[in-house]
**Student:** 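I have a structure here, written as structure tokens, and I will follow up with some questions on it.
Note that ligands are numbered from 1 as they come in the structure, with each ligand's atoms numbered from 1 the same way.
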Amino acid sequence: MGWVKRSASEIAKMRRAGRVVAEMHEATRAAAREGATTADLDRAARAVLDRRGARSNFLNYHGFPAVICASPNDVVVHGIPGPYRLKEGDIVSIDCGAIVEGYHGDAAFTMGIGAIAPAARRLLEVTEASLWAGIEQMRAGNRLNHIGRAVQEVAEKAGFSVVREYTGHGIGTAMHEDPSVPNYYPGHPGPLLQPGMVLAVEPMVNAGRSGTRTLDDGWSVVTIDGGLSAHFEHTIAVTEDGPEVLTRL
Ligand code: MG
Ligand code: MG
């Protein structure tokens, strides 16, 4: 497994990429109101990339046509921004990425549009809490799969299920590097975490069953049972002092 440890100067560049991603989150969150299309969110995110002189790691990734993924309701991940118009009661997952000086940031969040059902609110809260439980495990001396074990425990205790077909990942000079970071315990503890390792941790949590399928557009991943799905992600470095979240302001 080609897991790269990053130097302090590399992590400084990833911090700058992460800051751009956090600004994309702010801009898309502000744009995500009732009546806006998911293409409007993509435009808001592009404006941040342009302003910061950052490149997109999503655009043209295996042919992906946008700088964000926008995934409403039963769309788990990889939704293509387009004509879908957000309406009150929707939830929408927004995944953003940026490259600064050759280094990548990647982070996602899910939000409600206007008033949302209590069950949807709880799904968002639990999924975000599962991310933070995973991040809390990102300490030198812990094992890689402690992350997924913590994510899974939070999600399943709440009666939800974690998606298994898609995982978090190492990140650095490419968006997706080794190792993959499952959101469940795969039955073995995995390698030791050490300072300099940088991961994108990204629980995808379904209200119903964990299964997914891909729509005919070749990208949009939806829940197999049509239930809601939420997605939260940060890019995090393991440091001597514990986890450092790089994708927030
Ligand atoms: Mg992402
Ligand atoms: Mg990711």
**Student:** Could you tell me if the side chain of Ile116 sits less than 4.5 Å from the side chain of Ile91, heavy atoms only?
**Tutor:**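 Yes; the side chains approach each other to less than 4.5 Å.
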
**Student:** Would you check if the side chain of Arg248 reaches a backbone N or O of Val245 as a donor-acceptor pair within less than 3.5 Å?
**Tutor:**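 No.
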
**Student:** Please give the atom name: the N, O or S atom of Glu202 nearest to the Mg ion (ligand 2).
**Tutor:** OE2

**Student:** Taking just the N, O or S atoms of His169, which one is nearest to the Mg ion (ligand 2)?
**Tutor:** NE2

**Student:** Taking the Mg ion (ligand 1) as the reference point, name the nearest N/O/S atom of Asp95.
**Tutor:**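 Going by distance to the Mg ion (ligand 1), the closest N, O or S atom in Asp95 is OD1.
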
**Student:** For His78, which of Phe64, Phe58, Tyr61, Tyr166 qualifies under ring-ring contact (aromatic ring centres under 6.0 Å, His included)?
**Tutor:**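 It is Tyr166; the other options fail the test.
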
**Student:** What is the name of the N/O/S atom in Asp106 that sits closest to the Mg ion (ligand 1)?
**Tutor:** OD1

**Student:** Give the intermediate values and the outcome of side-chain hydrogen bond (donor to acceptor under 3.5 Å, both in side chains) for residues Ser229 and Asn206.
**Tutor:** CA-CA 4 Å; Ser229 185; Asn206 293 352; 2.7 Å; yes

**Student:** Do the numbers put Arg16 on top of the ring of Tyr103, so that NZ or CZ is under 6.0 Å from the six-membered ring centre and no more than 45° off the axis?
**Tutor:** no

**Student:** Any N/O/S atom from Glu233 (main chain or side chain) under 2.8 Å of the Mg ion (ligand 1)?
**Tutor:** yes

**Student:** Taking N, O or S atoms only and a limit of 2.8 Å, check whether His176 reaches the Mg ion (ligand 2).
**Tutor:**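 Not a single backbone or side-chain N, O or S atom of His176 is under 2.8 Å from the Mg ion (ligand 2).
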
